[in-house]
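Notes to accompany the following structure.
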Amino acid sequence: MDRGTEQDAPPGHRAGRGTAAERTDAGRVPLAVVVVDRGGLVSHWSRGARRLFGLARKEALGRPAVDLLPVLGALPEEGDEEDEAVPYGAYAVDDGPGPDLGASLVRGPAYPAAGRARLAVPGQDRADVLWWAYPLVGPGAERLLVLAVGADGLHTDDAGAFERIAPGFARHTDFPGSEDLARGLPEILPSMSVADGARVVAQVLELGYPILEFSRNDRVPVTPDWGVPRRVERRERRERAARASAAGEPVPEELRDEGEDLEHAAVRERLEFLNEVSSRIGTSLDLARTVVEVSKAVVPRFTDVAGTYLREQVVAGEGFGDGVPDTTTLWHRVAVEHTDEPGRWDDVVPVGEAMPFPAHTPFFRCMTTGEPVLVPRISEEMGHAIASQFDKRDIRPLITGRSMLVVPLKARTVVLGFMILLRHPERQVFNDMDRVTGAELAARAGLVLDNARMYTHQENVAETLQDSMLPHIPPRMAGCDIATRYLPGTQLGRVGGDWFDAVKLPGARTALVVGDVMGHGLNSAAMMGQLRTAVQTMAGLDLPPAQLLRNLDDLAQRLGDTYLATCLYAVYDPVAGELHLANAGHVPPVLVRAADGRSELLDLPTGAPIGVGGVPFEAVRVRVEPGDRLVMCTDGLVEVRGEDIGVGLAALCESAAHPAASMDDACDTIIRALNTRGGRKDDVALLMARLGGIGPDDVAEWRLTPEPSGVPRARTAVREQVRTWGLPGLAGNAELMVSELVTNAVRHSRTGPVAVRLVRADTLLCEVEDDDHELPTLLDARPGDEFGRGLRVVSTLARAWGTSRTKSGKSVWFELTLPRR
């Protein structure tokens, strides 16, 4: 491919009329590019067309193509009138007439066509040209791309210099602009990068240079070197056949004209094979399935054994650099397809094995150069060298004497793996034609595998992101057991906006949350992360459920009106045996009663989704008993397209009431019952809580007058209660911290009593309440200060501590870890 520039030539200057050097320089053969729209009018006229046909761009655009390119006739060579048209992609410059260019300009060929014709050119007698016509497929108005080059300019003393011209990049490409054509090139030519494609498009459309010998680098999907004979070879065969016939000798098989038909048939067969393989691979983005498709596509039609090896990072779905592999690179054998007797290869080369390859092997040469390696026959010496890397396994009987072709699986110049293709000794050995076929096959397979690899990598990233956003909830919280499940909606949308959470609240209470941001993808997940963080923060402030949803709605309004979300927020008080719930457009929860196993949908005010703005939220209180189960989920579990959501809710109630040995079993029962219904496309978040409660024997309360005498009373009461519960090891620290908190409460209380509550649950919880609304803060007390050390003592000795506002004032609490039983 020439990377130079073309100087504009005056109108009427024809290619091939210059100097001999100009005619023999492959980079200086001007290519005319003409685009014909569906009305038969010229919509593109390159500078190469101006040089070749002597007509300026402004004079050509919008005119009928048949008027600008009147065909005077084809140019057969003497004695070759009976020859058939040369197939596309195998056009030799010395060949005879191709299809009718005039008919192609009027109707457009059904497939890419090529030929040689004599055109009338203003100011000249004629123009002998080689031409290619490509039908353009797409929504644009363009119908036909015509490329032409002056035939005289291709004459040279070197018979092989211009043997093939294969500008095959324009097939099946929307043509409205060069950018669209450049973006489409990597799909048509798997080994061409976007940058290379852009240079090719610029060269052909603007500079008018042809792309010569592209098949040598496996660029084009059709390979001209597949044995179509040049005209001079045909003549030599005919002359030799005539001499043999005149001498009364039998005409050798290779000299018969039928050989040409066989070669043309071989070309067509291999084109059909490549097209068939392309249609069979890449039916999914699953890497393992794609590998199997590639292996099965070539056995037995092209080869008898196909072993596929991929880089370790490709198999793991990880990214890797663009560096060349080396002898330390691990290659995983991911598939072995063969026609031998079952099991013959399984023990010697098992699928899943990972191994490096030494530098002396043809496999190493293939993966480092990115080029196919052809071994017509594996000799005893090579078989021994290959077998030496297989520990305690003799692979020589499987490979020695066979023909081998190693082709790289690469995409965007990066080698992802390689395929080892072997043919039985009695089968024809691989040849150069097979090498080109295998390289083209591998290029297409490499692109498909790279798509699957990138999807697998992105899928892993998405799963990691989703896992990081979902909370890790402990199975046991104060007074309740919790189990959760999350299921992505589809394999193509593993990141969504569904979430659940459980937040520890003051007073041994627990906030249970389930929400759903409408939509899928990273944006929904990002919005979900913001809302979930906001809920956790506001829950820690002990806001009532309705007020929390109100604040969450205000936050969503400030974040933007792009997304809506539903949310169900419930606060469980195990001491009071009560649920306090508020709903923002979410699926209602199910409550399963422990007494009789009956399940019911809780009747809650629905409310509007978060983000609507300006709507009220209401909260309700529901009495619960120890052992009751609360089931909260997103609509993806109960809603199926084309089905009333009431059907799903009824199924949820029925499955939730089913007895189960554990919370996890109960969740699995619900998932199995509802997830097997067809049509589910949405994500699923499920949270189940068994409300165990905290009995009165585990709660002790005292009300003290706000006087200094209340402090020793509180110390004595707490010390005795802790010992009564069998926790003498906690008595000292509990007594000291209660003394500090009650002292502060007495000092700051206004008129109301000071309340002390001790709760034995998963921890030993102590709460001190008074009627002062100002929350205390942790201070750094200096040596001379008389105050400020009480909370420092609590912070040092307690497992956790905190403050919160109450209706009448404030509460300060601390927890101590219970000893292991």
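When reading the values below, keep in mind they use all heavy atoms of this one structure, side chains included, and skip hydrogens, waters and symmetry mates.
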Set out, in order, the CA-CA distance, both residues' side-chain angles and the distance that settles side chain to side chain contact (heavy atoms under 4.5 Å, CB included) for V375 and M382, then state yes or no. CA-CA 10 Å; V375 180; M382 177 175 287; 3.7 Å; yes

Are the side chains of M355 and H332 in contact, using a 4.5 Å heavy-atom criterion? no

For a 4.5 angstrom cut-off between non-hydrogen side-chain atoms, does D683 reach L487? no

Distance col, row L421:CG vs T308:OG1, nearest 0.5 angstrom, shows 8.0 Å

Just to verify, what does R485 make a salt bridge (Lys or Arg N to Asp or Glu O under 4.0 Å) with, not counting sequence neighbours? D664, D668

Beyond-backbone contact of I420 with M404, side-chain heavy atoms, under 4.5 angstrom: yes

Over all atoms of both residues, closest heavy-atom pair of P408 and P372: CD-N, 3.8 Å

Hey, are the side chains of F357 and M367 touching, using non-hydrogen atoms and a 4.5 Å cut-off? yes

Nearest heavy-atom approach of L416 to G446 is CD1-O, 3.6 Å

Who are the side-chain hydrogen bond (donor to acceptor under 3.5 Å, both in side chains) partners of R532, not counting sequence neighbours? D501

When you compare the side chain of L422 with that of I378, does any pair of heavy atoms fall below 4.5 Å? yes

Quick one, I386 with I399, criterion side chain to side chain contact (heavy atoms under 4.5 Å, CB included). Give me CA distance, side-chain angles, the key distance, then yes/no. CA-CA 9 Å; I386 294 175; I399 62 175; 3.9 Å; yes

Please give me the minimum heavy-atom distance between A306 and V299, naming the atom from each residue. CB-CG2, 3.7 Å

Compute the centroid of each ring, for W331 and then for F363, and state whether the two points are separated by less than 6.0 Å. no

With heavy-atom distances below 4.5 Å as the criterion, would you say the side chains of V373 and C366 are in contact? yes

Taking the side chain as everything from C-beta on, heavy atoms only, tell me whether V349 gets closer than 4.5 Å to I395. yes

W499, Y486, F500 screened by side-chain contact (heavy atoms from CB on, under 4.5 Å) with L687, the one that passes: F500

Enter the distance from T400:OG1 to E381:CD here, rounded to the nearest 0.5 Å. 11.5 Å

Between CE of M527 and CG of L531, what distance do you get to the nearest 0.5 Å? 4.5 Å

Can a donor-acceptor pair be found, under 3.5 Å and without considering hydrogens, that links the side chain of S403 to the backbone of F430? yes

Hey, does the side chain of D434 reach the backbone of T437 with a donor-acceptor pair shorter than 3.5 angstrom? no

Before you tell me yes or no, could you show the steps for H384 and R396 under side chain to side chain contact (heavy atoms under 4.5 Å, CB included), namely the whole-Å CA-CA distance, both residues' side-chain angles and the distance that decides it to 0.1 Å? CA-CA 6 Å; H384 179 76; R396 287 177 296 177; 3.7 Å; yes

Under the salt bridge (Lys or Arg N to Asp or Glu O under 4.0 Å) rule, collect the residues that match up with R377, sequence neighbours excluded. none

L409 to A442 - nearest heavy-atom pair and separation: CD2-O, 3.8 Å

Is it true that a side-chain atom of R423 and a backbone atom of F302 form a donor plus acceptor pair closer than 3.5 Å? yes

Verdict with reasoning, R435 to L405, per side chain to side chain contact (heavy atoms under 4.5 Å, CB included): CA-CA 7 Å; R435 179 188 61 81; L405 178 63; 4.3 Å; yes

With D665, which residues qualify under salt bridge (Lys or Arg N to Asp or Glu O under 4.0 Å), at least two apart? none

In chain order, what residues pass the side-chain hydrogen bond (donor to acceptor under 3.5 Å, both in side chains) check against D340, with sequence neighbours excluded? W345, R402, H424

Which atom names give the shortest non-hydrogen contact between V336 and R333, and what distance separates them? CG2-CD, 3.5 Å

With sequence neighbours left out, what residues match P358 under side chain to side chain contact (heavy atoms under 4.5 Å, CB included)? H360, T361, Q389

Using 0.5 Å steps for rounding, measure from the NZ atom of K410 to the CG atom of L447. 12.5 Å

So, taking the atom named CG in D516 and the one named OG1 in T634, what distance separates them when rounded to the nearest 0.5 Å? 5.5 Å

With the side chain counted from C-beta on, respond yes when M419 and V298 share a heavy-atom pair under 4.5 Å apart, and no when they do not. yes

